[in-house]
Amino acid sequence: MKALVYVGLKPGVLDPQGRAIARSLNDLGFDEVTGAFQGKVIELNLSGDDKDHAKARVTEMCEKLLANTVIESYRIEIED
Amino acid sequence: MKALVYVGLKPGVLDPQGRAIARSLNDLGFDEVTGAFQGKVIELNLSGDDKDHAKARVTEMCEKLLANTVIESYRIEIED
Amino acid sequence: MKTAVITFPASNCNRDAAMALEKVTGRPAQMIWHRETEIPSDIDFVVLPGGFSYGDYLRCGAIASRSPIVKDLVAKAEKGLPIAGFCNGFQVLTESGLLPGALLRNKQLNFVCRPQKLTIENGNTRYTSQYAGLKEVIFPIAHHDGNYYADDATLNQLEKEGRVVFRYAGNPNGSARDIAGIVNEGGNVFGMMPHPERAIDPVHGGTDGLGLFKSIIESI
Amino acid sequence: MAKKKSEITPEIVAEHGLTPEEYEIILDRVGREPNLTELGIFSVMWSEHCSYKSSRRHLGKFLTKGKRVIQGPGENAGVIDIDDGDAIIFKMESHNHPSYIEPYQGAATGVGGIMRDVFTMGARPIALMNALRFGEPDHWKTRQLVKGVVAGIGGYGNCVGVPTVGGETNFHKGYNGNILVNAMCVGLADADNVFYSAAKGVGNPIFYVGSKTGRDGIHGATMASAEFDDDSEEKRPTVQVGDPFTEKLLIEACLELMATDAIIAIQDMGAAGLTSSSIEMADKGGVGIQLNLDKVPQREPNMTAYEMMLSESQERMLMVIKPGKEKLAYEIFEKWELDVALIGKTTDTGRLVLKHNRKKVCDIPIAPLADDAPNLDRPYVIPAGQPVLSHSEVWETQDYNDALVRIMSHPNIASKRWIWEQYDRHVMADTVDSSQSGGDAAIVRIHGKNKAVAITTDCTPRYCYADPYEGGKQCVAETWRNLTAVGADPIAITDCLNFGNPERPDIMGQFVGCIEGMNEACRAFAYPVVSGNVSLYNETNGVAIPPTPAVGGVGLIPDLEHFATLKGAQEGDTLVLIGETEGWLGASIYLSVINSREEGAPPPVDLEVEKRNGDYVRSLIRGRRVHAVHDCSDGGLAVTACEMAFGSNIGMQLSRSNDIPTHAWLFGEDQGRYLLAVEEHSVNPVISTAHSKGIPAQVVGKVGGNRIIADGAFDVTLEGLREKHEAWLPALMNKTDA
Ligand SMILES: Nc1ncnc2c1ncn2[C@@H]1O[C@H](COP(=O)(O)OP(=O)(O)O)[C@@H](O)[C@H]1O
Ligand SMILES: [Mg+2]
């Protein structure tokens with residue numbers, strides 16, 4: 001099984017990397033870009049095949065390590 | 001419109017970050033994790049409403065700035 | 001007086017911290033490997049050193065903060081053990097929840113290494129009492145992720161309780177309210193991005209860091 | 001049965017960079033047709049990068065011995081004795097081609113590689129330096145390259161926790177298609193616990209430790225020896241990625257094991273990875289080696305023997321362990337969370353035997369890989385020197401304020417703060433603060449002692465281009481002068497010889513000329529070469545880089561109570577210039593910035609005068625006769641005075657002491673000179689003692705105020721000039737492409 005964990009800064013937390021990306025894109029002539037946000041995807045290979053169980057475990061992983069909930073929120077997708 | 005750009009290391013390129021994450025998860029008792037890979041997601045807010053055009057433009061952004069095509073590959077999703 | 005420095009994989013200011021402690025206490029500091037599960041009960045002061053624990057992978061300090069030794073550290077912090085984290089050590093302290101907030105990527109995005117002027121905001125803490133009214137010090141900074149963030153409520157509380165110990169005079173990294181160093185409610189756990197341990201010898205270009213170590217050692 | 005069709009076609013031989021004649025030798029030495037793996041091994045061992053085939057005979061000319069030399073060229077790095085049982089181990093290496101293709105990773109892995117060369121020998125790395133050359137600032141690629149290279153150097157060194165204490169950065173159109181990234185590492189070891197690479201003894205276990213082997217960098221060594229063309233983009237996937245975290249663990253683990261007596265031989269896996277490390281160890285130890293490739297930690301499935309042997313995955317070491325110490329080795333490496341495996345043993349066959357999937361996939365004699373490596377005598381023509389330019393052939397500016405500002409904010413003179421503030425310069429807490437960032441040489445204290453090493457890198461490619469022999473001399477002399485200027489005894493050098501295509505006689509002539517000039521300086525100063533590296537084929541579409549023999553010099557400050565930097569000048573001090581000023585403007589910064597001309601003979605270096613002047617300056621520093629010292633180099637007296645003013649944060653006033661034309665007086669680049677800030681009461685003794693030794697010395701100005709003034713020429717504020725000096729690089733880097 002595979003889990004995809006998307007981790008991004010919470011709204012309201014300044015994202016200097018995202019801002020720099022938007023600015024550089026504008027400077028490169030991509031005027032249509034009105035904002036950019038940078039987040040992480042963590043792909044996990046998991047043994048086992050119980051998707052619900054996996055989801056619960058990955059949630060625990062997020063709370064314990066993968067995300068810092070002071071500044072970040074996360075979203076999990078489980079794939080086969 | 002919104003574009004999501006996923007950027008990850010090409011297969012075969014060393015991913016030290018992913019390795020450290022997998023190890024740490026194992027240490028925390030998540031034995032089911034057999035591998036981890038870390039990538040980036042960049043979310044772009046775009047003006048305009050032509051999706052095909054947007055896709056072409058975002059591809060150009062990836063080649064010029066968002067991905068380092070020497071070691072990274074990317075995937076683009078356009079949303080409304 | 002016994003002091004200790006915790007070493008994580010790729011801590012790299014552990015020796016610097018130990019030298020500073022030895023200079024101030026006259027005794028070598030004990031080095032504790034992160035895999036240990038207990039801080040010896042006779043240790044009076046613990047430093048979490050700077051560096052790039054676990055390569056700064058995932059988030060700075062995140063993986064280190066889940067090390068076995070940190071569990072015991074958290075327990076002892078609650079009982080009042082003085083603990084200071086500098087640079088990466090500060091990141092480990094916020095990641096482990098011993099100090100509020102988080103450290104984000106520097107606003108300018110680049111690593112920055114320079115002598116940095118700081119104002120002493122609270123000269124009455126266990127980490128500043130020996131500065132005897134001095135208002136400004138210079139410590140080197142050297143970091144990529146030193147941009148202090150906390151929500152407004154937390155920041156207001158820190159300020160109200162006098163827990164903002166140092167502020168940057170000329171913000172080098174985008175930190176909220178120019179915050180450079182803070183203490184916990186109990187006043188025993190302290191964290192800052194600058195490196196006082198690199199300002200203890202004239203060779204370093206200044207000795208302003210000594211006051212910080214003297215303060216905490218004096219208070220024990 | 002029909003004869004098996006030949007697997008190795010002439011095309012395959014050519015793709016491996018081997019000539020038909022070289023292939024004939026291989027057929028003879030192996031005694032049959034080699035398989036692809038064996039051919040690959042010969043090809044990397046005989047590549048320019050590993051065999052030094054174009055350069056070997058010329059490198060042999062260098063002075064390599066001296067009373068402090070413990071180990072000269074031939075090992076991973078050079079070793080010098082700095083008394084009290086301490087040894088300094090250092091080397092410089094290029095990572096030019098990879099850095100052009102992927103600047104961040106190319107530069108990062110360059111730093112990683114040079115550190116491994118140093119800690120392989122038992123030293124803890126204590127300082128990093130970097131010598132960088134980029135194309136024109138407004139060339140479309142330059143900014144991206146600067147950004148990536150600087151981030152890569154900082155990213156790696158900062159993480160490992162070794163201070164990057166100095167270096168140099170030049171911009172010139174000659175590097176538009178080939179940047180140079182040269183990294184130097186200095187380490188500290190116990191003089192009686194230095195480790196070498198000779199795998200002596202039969203039946204000893206061979207350990208692999210560090211990161212897993214992947215497919216990265218395959219053919220890196222041959223790429224580093226190939227000229228670029230417009231298809232170079234195709235070669236991209238071979239770029240390696242560095243992991244400074246693992247490097248840090250490797251350093252600590254190796255040093256921990258080295259503190260026991262478990263290691264017989266140790267060698268990092270650098271260019272040509274497992275191939276060159278195993279073969280060098282076996283060849284030096286006079287033994288054979290047998291490896292089971294199934295045991296090699298692998299990152300990807302289905303790797304072939306060919307791929308494993310040629311992979312350039314980073315952060316890997318190979319070592320021969322004493323029998324019985326296997327358990328200890330495992331324990332230490334596992335503690336540091338590194339991959340470790342026993343992959344083979346030394347044998348008495350003199351052959352390299354590889355097994356993979358239970359089959360023998362390689363069985364070749366080791367000696368020919370080293371002994372029969374091509375040693376070419378390429379034809380060369382040393383270019384004729386350029387004519388000497390007289391003062392009147394160089395246009396004199398009518399506006400010296402403007403000229404000064406233009407020179408102080410010129411790419412090659414402007415502040416490089418934007419770069420060095422991204423490097424952690426103090427980690428390890430032994431960097432002498434006042435020595436770095438713009439100083440002549442960085443000073444790093446020997447941990448726990450009151451002595452220090454001084455380190456500098458220098459090269460003036462425009463001089464080397466104008467006259468390789470004089471330029472070569474000057475590079476070595478400038479490092480010697482920079483070490484002297486901080487009060488150190490210069491001890492030895494490392495070098496990184498960056499040139500174009502050696503198959504062209506004019507390029508080969510630059511190479512030979514530079515080496516001969518360097519060597520003459522080394523002999524004059526008893527200042528040997530103890531390690532180095534050669535990077536050839538720095539050429540794109542037939543355009544070669546300017547000849548760039550970067551030199552890294554190391555000196556000793558026996559007592560940290562006695563050193564100098566350019567930062568100590570004080571109000572009321574007198575400026576004294578040591579050395580003769582004729583006003584040499586050929587090949588100068590003034591000529592290039594103000595006249596837009598790059599021509600003329602470079603300033604000659606009189607090695608005897610250089611030595612005499614330097615020894616005197618050092619004695620003044622040791623006798624505490626001076627507040628600040630700065631050597632005169634690029635841009636002459638004016639630039640030297642401005643830099644001292646910035647460093648000391650105080651104004652300077654230069655006054656005429658001769659009657660040469662103003663531009664030559666202020667901007668001439670005569671060699672062997674030092675500017676001193678001297679306390680008033682010491683001025684007479686300093687000058688009269690100099691004169692008694694036949695050393696030119698004269699008062700050239702005063703320290704004080706907040707302006708920088710030269711009589712009859714310029715008059716600007718210190719702050720205004722500093723602003724221009726500081727602004728150039730940030731402005732360049734913050735600009736974005738239109
Ligand atoms: N220009 C040079 N001057 C002096 N020694 C050199 C020079 N180039 C290479 N050497 C020496 O040749 C040996 C092989 O160098 P190199 O192949 O770069 O080693 P490695 O691959 O281990 O880094 C080293 O001992 C090095 O110091
Ligand atoms: Mg080597």
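A quick note: this is a predicted structure, and the numbers were derived from the prediction, not measured. Each chain gets a letter, A, B and so on, in the order the sequences are listed, and its residues count up from 1.
In this structure the side chain of A:Y74 reaches within 4.5 angstrom of the side chain of A:T59, judged on heavy atoms. Counting heavy atoms from C-beta outward, B:E79 and B:M1 have side chains that stay 4.5 Å or more apart. Within the 4.5 Å cutoff, side-chain heavy atoms of B:E32 are placed close to those of A:M61.
In terms of non-hydrogen atom pairs under 4.5 Å with chain B, the most contact-rich of A:K40, A:Q38, A:K64 is A:K40. Contact tally against chain A (heavy-atom pairs below 4.5 Å) for B:V58, B:V7, B:L66, B:L44: the top residue is B:L44. Here A:G39 is the residue among A:A36, A:A22, A:G39 with the most heavy-atom pairs under 4.5 Å with chain B. With respect to chain A, the highest number of heavy-atom pairs below 4.5 Å among B:V41, B:L46, B:L28 belongs to B:V41.
When heavy atoms are compared at a cutoff of 4.5 Å, A:Q17 does not approach chain B at all. The contact between B:I42 and chain A is made by backbone and side chain atoms together, counting heavy-atom distances below 4.5 Å.
Checking side-chain atoms of B:T34 against main-chain N and O of A:N45 turns up a donor-acceptor pair under 3.5 Å.
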Inset, instruction - Output, in order, the C-alpha distance, side-chain angles, deciding distance and verdict of salt bridge (charged side-chain N to carboxylate O under 4.0 Å, His left out) for A:E43 and A:K2. - result: CA-CA 7 Å; A:E43 192 183 313; A:K2 234 165 76 172; 3.3 Å; yes
